[in-house]
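Sequence lines set the chain letters: A, B, ... in the order given, protein chains first and strands last, and positions in each chain run from 1.
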Number of protein chains: 2
Amino acid sequence: MSHVDILKLHTLKATPQRLCVLDVLKNYGHATLEDIEKQTKLKFPTLSLSTIYRNLNEMVKKGLLSELKLANKKEYYEITKENHAHLVCTKCGSIEDFLIDTNEIIKKAQMSTSNTILDATISFDVICKECLSRK
Amino acid sequence: MSHVDILKLHTLKATPQRLCVLDVLKNYGHATLEDIEKQTKLKFPTLSLSTIYRNLNEMVKKGLLSELKLANKKEYYEITKENHAHLVCTKCGSIEDFLIDTNEIIKKAQMSTSNTILDATISFDVICKECLSRK
DNA sequence: CTGACTGCAAACGTTTTGCACGGTA
DNA sequence: TACCGTGCAAAACGTTTGCAGTCAG
């Protein structure tokens, strides 16, 4: 589905600025606000920070994007995908999707609590291959 | 081990302010900066925000405290404990320790990646018992 | 054509910093 | 006593908001 369609599906107008943000996120996989600002301004030098903030917040609220809270300080954004975890390199900070079945983990965890589990957020600290070989 | 000893172990002086912060964290389990400010000022009305910030940052850096990054906005602090996950209520935001064996999950995940996994951060979205019965 | 969106500048809240004083070890 | 830690005020920072003009549908 095109980014235009995705936006329309979420009752958001397909402005060039929003499309550009989505393009950056698609290319990066996971991007910080700074990443997004830097990249979008290559194409739209006048694009304002407040527009980026507004759009990210709006798209997160509509569920089109997700915020990633990771052990390190920065906040990352990604286009919403279901049922996956992340590998975060403790050396270089790089982030990689990790396609494991979180439902299985939820099912198992559910046996240890009487609270109803709805979802799981899982990330693993790793040393990525690049950092390992660089060492 | 007393809080005085814990501080000394981390080469930090055992000031009344720091001890008070640790007491609050022990009582609360998980506390935001606001929680900590409110509680500590009951005992030390002149305690300054900057001191709280400095101490929290310092104690996190030394590994005495951990920051909890959760899906919701707020940042929580806890006294560092190994090998546990969290249950976060999506209704009321309450946080509970969840004593599952994260090593088992790490071991299993390790089979699906060639990166070396060092640690896992896991939280579950739940509806807590209180919110369920309130409903 | 109309409401949604944008850019700019100003406002806002949170976190950090500089400095002089005070307290722990 | 020496140095680490504190309180206060100001600075710095990231994020949000108000407004007038513009654009997508």
Engineer: Taking only side-chain N and O atoms of T51(B), does any of them lie within less than 4.0 angstrom of OP1 or OP2 on dG7(D)?
Structural biologist: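 Answer is yes, contact under 4.0 Å.
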Engineer: If you look only at pairs with a residue in residues 5-45 of chain A, which of them pass as a ring-ring contact (aromatic ring centres under 6.0 Å, His included), with sequence neighbours excluded?
Structural biologist: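 Sorted result for residues 5-45 of chain A: H30(A)-H86(A).
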Engineer: In this structure, how many angstroms lie between the C1' atom of dT24(C) and the CD atom of E58(B), rounded?
Structural biologist: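 Going from CD in E58(B) over to C1' in dT24(C) covers 16 Å.
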Engineer: Figure out the CG/C1' separation between L49(A) and dC13(D), and round it to whole Å.
Structural biologist: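 L49(A) atom CG is separated from dC13(D) atom C1' by 12 Å.
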Engineer: CD of E75(B) versus P of dT14(C): gap in Å, rounded?
Structural biologist: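 Result: 14 Å.
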Engineer: Under the 4.5 Å side-chain heavy-atom rule for ILVMFWY, direct or indirect, which residues accompany L87(B)?
Structural biologist: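 Joined to L87(B), directly or through intermediates: L87(A), F98(A), I100(A), I105(A), I106(A), I117(A), I122(A), F124(A), V126(A), F98(B), I100(B), I105(B), I106(B), I117(B), I122(B), F124(B), V126(B).
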Engineer: Flag the pair E34(A) and K74(A) as a salt bridge only when some basic side-chain nitrogen lies within less than 4.0 angstrom of an acidic carboxylate oxygen.
Structural biologist: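 Between K74(A) and E34(A) there is a salt bridge, with a charged N closer than 4.0 Å to a carboxylate O.
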Engineer: Check whether any side-chain N or O of S133(A) sits under 3.5 Å from a backbone N or O of E130(A) as a donor-acceptor pair, and report yes or no.
Structural biologist: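 Confirmed, S133(A) side chain pairs with E130(A) backbone.
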Engineer: Kindly say whether L64(B) contributes a backbone atom to a donor-acceptor pair with the side chain of T80(B) at under 3.5 angstrom?
Structural biologist: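 Side chain of T80(B) to backbone of L64(B), a donor-acceptor pair under 3.5 Å: yes, one is there.
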Engineer: Rounded to whole angstrom units, what separation is found between the CG atom of N55(B) and the C1' atom of dT16(C)?
Structural biologist: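 Atom-to-atom, N55(B) to dT16(C), this comes out as 14 Å.
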Engineer: dT14(C) P sits how many Å from R54(B) CZ, rounded?
Structural biologist: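 After rounding, the gap between these two atoms is 18 Å.
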Engineer: OP1 or OP2 of dT16(D) sitting under 4.0 Å from any side-chain N/O of N57(A)?
Structural biologist: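 Yes, because at least one side-chain N or O of N57(A) sits under 4.0 Å from OP1 or OP2 of dT16(D).
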Engineer: Would you mind checking if K108(B) and E104(A) are paired as a salt bridge, meaning a charged N to carboxylate O distance below 4.0 Å?
Structural biologist: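 Salt bridge between E104(A) and K108(B), a charged N being under 4.0 Å from a carboxylate O: yes.
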Engineer: In residues 7-46 of chain A, which ones come under 4.0 Å of DNA chain C, going by heavy atoms?
Structural biologist: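 Close to the strand are L12(A), K13(A), T15(A), Q17(A), R18(A), T46(A).
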Engineer: In whole Å, I'd like the distance from the CG atom of L56(B) to the P atom of dG5(D).
Structural biologist: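 Those two atoms, CG and P, are 14 Å apart.
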Engineer: Whole Å only: how far is the OH atom of Y53(A) from the P atom of dG14(D)?
Structural biologist: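 Computing the Y53(A):OH to dG14(D):P distance gives 7 Å.
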Engineer: Tell me the interatomic distance from L47(A), atom CG, to dG7(C), atom P, rounded to whole angstroms.
Structural biologist: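 Taking CG of L47(A) and P of dG7(C), I get 5 Å after rounding.
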